[in-house]
Protein chains: 2
Amino acid sequence: MEPVPMLLAMTYRAMGDQFHDRLRQIGLEPLRPAHGYVFRFLKEKRATTVDIGQHLGVTKQAAAKIVNELDEWGYVLREPHPTDKRAQYVTLTTKGRDYLKFADNLWSDLEHEMAEAIGETTLDTIKTGLAEYLQHVHGDDQPGLRPVW
Amino acid sequence: MEPVPMLLAMTYRAMGDQFHDRLRQIGLEPLRPAHGYVFRFLKEKRATTVDIGQHLGVTKQAAAKIVNELDEWGYVLREPHPTDKRAQYVTLTTKGRDYLKFADNLWSDLEHEMAEAIGETTLDTIKTGLAEYLQHVHGDDQPGLRPVW
DNA sequence: GAATATGGACAACCAGGTTGTCTACTAGGG
DNA sequence: CCCTAGTAGACAACCTGGTTGTCCATATTC
């Protein structure tokens with residue numbers, strides 16, 4: 001059996017490829033994974049560019065580039081931070097929320113298909129198992145999201 | 001619960017980071033993941049640069065760069081292909097095999113610790129579950145190994 | 001109020017891929 | 001047997017998506 005990291009990488013890529021293909025098939029502009037993760041992050045909490053970089057596991061400069069793109073494309077906008085005059089909150093526009101909603105449906109389809117392929121309980125074990133491992137390794141401060149290659 | 005791909009990416013990165021840290025801690029030069037995957041691939045079968053690229057999920061040119069590095073560092077060498085005068089087999093040197101052996105031990109340590117953290121049966125379910133999913137999605141032609149970010 | 005730390009912008013750089021092209025060789029029909 | 005189409009590998013140009021380094025303005029701490 002392949003070592004665990006290889007299985008993780010291959011599965012990650014397999015799912016990502018499918019996601020990407022279907023998105024294009026439907027005609028929706030396929031953003032990069034990072035963009036999607038930013039959307040998901042922003043839905044949960046108000047965040048600055050620095051926060052985003054930390055969440056993704058990249059430098060703030062790299063995060064700034066991503067935010068700039070999303071801004072240009074109309075998915076997010078910046079608004080002044082209420083108390084800190086240096087900082088800006090990045091927030092989702094309606095377009096951004098719509099994209100996220102669509103992508104979420106697609107992901108849920110894919111996950112459902114995975115459940116059909118390997119069984120619901122197996123999938124559930126995988127999810128909770130990985131989550132538990134992450135909790136065990138990193139405690140509450142999450143590791144970077146980006147899988148360094 | 002986080003969506004599956006995020007869990008995969010985070011776990012992949014978490015394990016990779018630990019691997020990298022320990023390797024450095026011990027004083028061994030930490031190669032990139034790609035190099036390790038090449039070693040593991042070459043242990044299994046004789047392969048050309050093109051084969052390697054396919055296995056990694058990158059172009060042959062990218063694979064050639066990696067092979068060049070490994071050659072310069074003394075981990076692999078090229079030998080003429082017995083029947084095809086264009087091609088070359090890339091093979092592990094002793095240094096390469098030693099590195100692989102060492103890395104394999106380290107991986108097995110990490111996997112063992114994972115088993116302790118989440119339970120052996122859970123880990124087993126994860127491995128077979130992911131393998132089954134990959135089989136279901138891709139049949140026998142493997143997806144690229146590189147997790148596209 | 002001085003020293004230190006932080007968010008964000010800008011610039012230079014770099015690593016690790018890609019595409020494109022070329023040559024030598026291989027393989028598969030007419 | 002030759003002609004055509006395909007392939008391994010080398011080389012070069014380029015691109016993307018990150019990095020480091022620096023700066024300014026503002027916050028925080030003592």
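So that the names make sense, note that chain A is the first sequence line, chain B the second, and so on, each numbered from 1.
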Practice prompt. Return the 5'-most residue of the pair A:T48, B:A34 with respect to DNA chain C, ranking by each residue's nearest nucleotide.
Written response: A:T48
Worksheet item: Which pairs, with at least one residue in residues 11-21 of chain B and sequence neighbours excluded, count as a salt bridge (charged side-chain N to carboxylate O under 4.0 Å, His left out)?
Response: B:R13-B:D17
Worksheet item: Can you list every salt bridge (charged side-chain N to carboxylate O under 4.0 Å, His left out) pair that touches residues 1-11 of chain A, not counting sequence neighbours?
Response: none
Worksheet item: Near DNA chain C, which residues from residues 36-45 of chain B have a heavy atom under 4.0 Å away?
Response: none
Holding to salt bridge (Lys or Arg N to Asp or Glu O under 4.0 Å), I want the full list of residues that pass it with [X], two or more places apart in sequence or in another chain.
{"X": "B:E113", "value": "B:R22"}
{"X": "B:D109", "value": "none"}
{"X": "A:D71", "value": "A:R78"}
{"X": "A:K127", "value": "A:E111"}

Looking at [X], does any N or O in its side chain come under 4.0 Å of the phosphate oxygens OP1/OP2 on [N]?
{"X": "A:W149", "N": "C:dG17", "answer": "yes"}
{"X": "B:T83", "N": "C:dT26", "answer": "no"}
{"X": "B:R86", "N": "C:dT23", "answer": "no"}

Worksheet item: For B:R146 and C:dG16, what is the distance between atoms CZ and P respectively, to the nearest whole Å?
Response: 12 Å
Worksheet entry | Close residues, residues 51-72 of chain B, relative to DNA chain D [heavy-atom separation under 4.0 Å] | B:K60, B:Q61
Discussion item. Short of 4.0 Å, heavy atom to strand atom, which residues of residues 7-21 of chain A count as contacting DNA chain D?
Written reply: none
Worksheet entry | Test applied, side-chain contact (heavy atoms from CB on, under 4.5 Å); reference residue, A:L130; option that passes from B:M6, B:M114, B:M10 | B:M114
Practice prompt. Spell out, as yes or no, whether a donor-acceptor pair under 3.5 Å connects the side chain of B:R32 to the backbone of A:W149.
Written response: no
Worksheet item: Is there a donor-acceptor pair closer than 3.5 Å between any side-chain N or O of B:T49 and the backbone N or O of B:A64?
Response: no
Worksheet item: Going 5' to 3' on DNA chain D, which nucleotide is the first and which the last to come under 4.0 Å of a heavy atom in chain A?
Response: D:dG17 to D:dA27
Item to complete: Select from A:D84 and A:R32 the residue whose nearest nucleotide in DNA chain D is closer to the 5' end of that strand.
Response: A:R32
Worksheet item: Side-chain contact, heavy-atom cut-off 4.5 Å: B:T121 with A:T125?
Response: no
Practice prompt. Quick one: which residue pairs count as a ring-ring contact (aromatic ring centres under 6.0 Å, His included) with a foot in residues 99-122 of chain A, not counting sequence neighbours?
Written response: A:F19-A:W107, A:F39-A:Y99, A:Y75-A:Y99
Discussion item. Once side-chain hydrogen bond (donor to acceptor under 3.5 Å, both in side chains) is applied, what residue pairs with a partner in residues 35-46 of chain A remain, sequence neighbours excluded?
Written reply: A:Y12-A:Y37, A:H35-A:E69, A:R40-A:D104, A:R46-A:E79
Worksheet item: Are A:T48 and A:D51 linked by a side-chain donor-acceptor pair shorter than 3.5 Å?
Response: yes
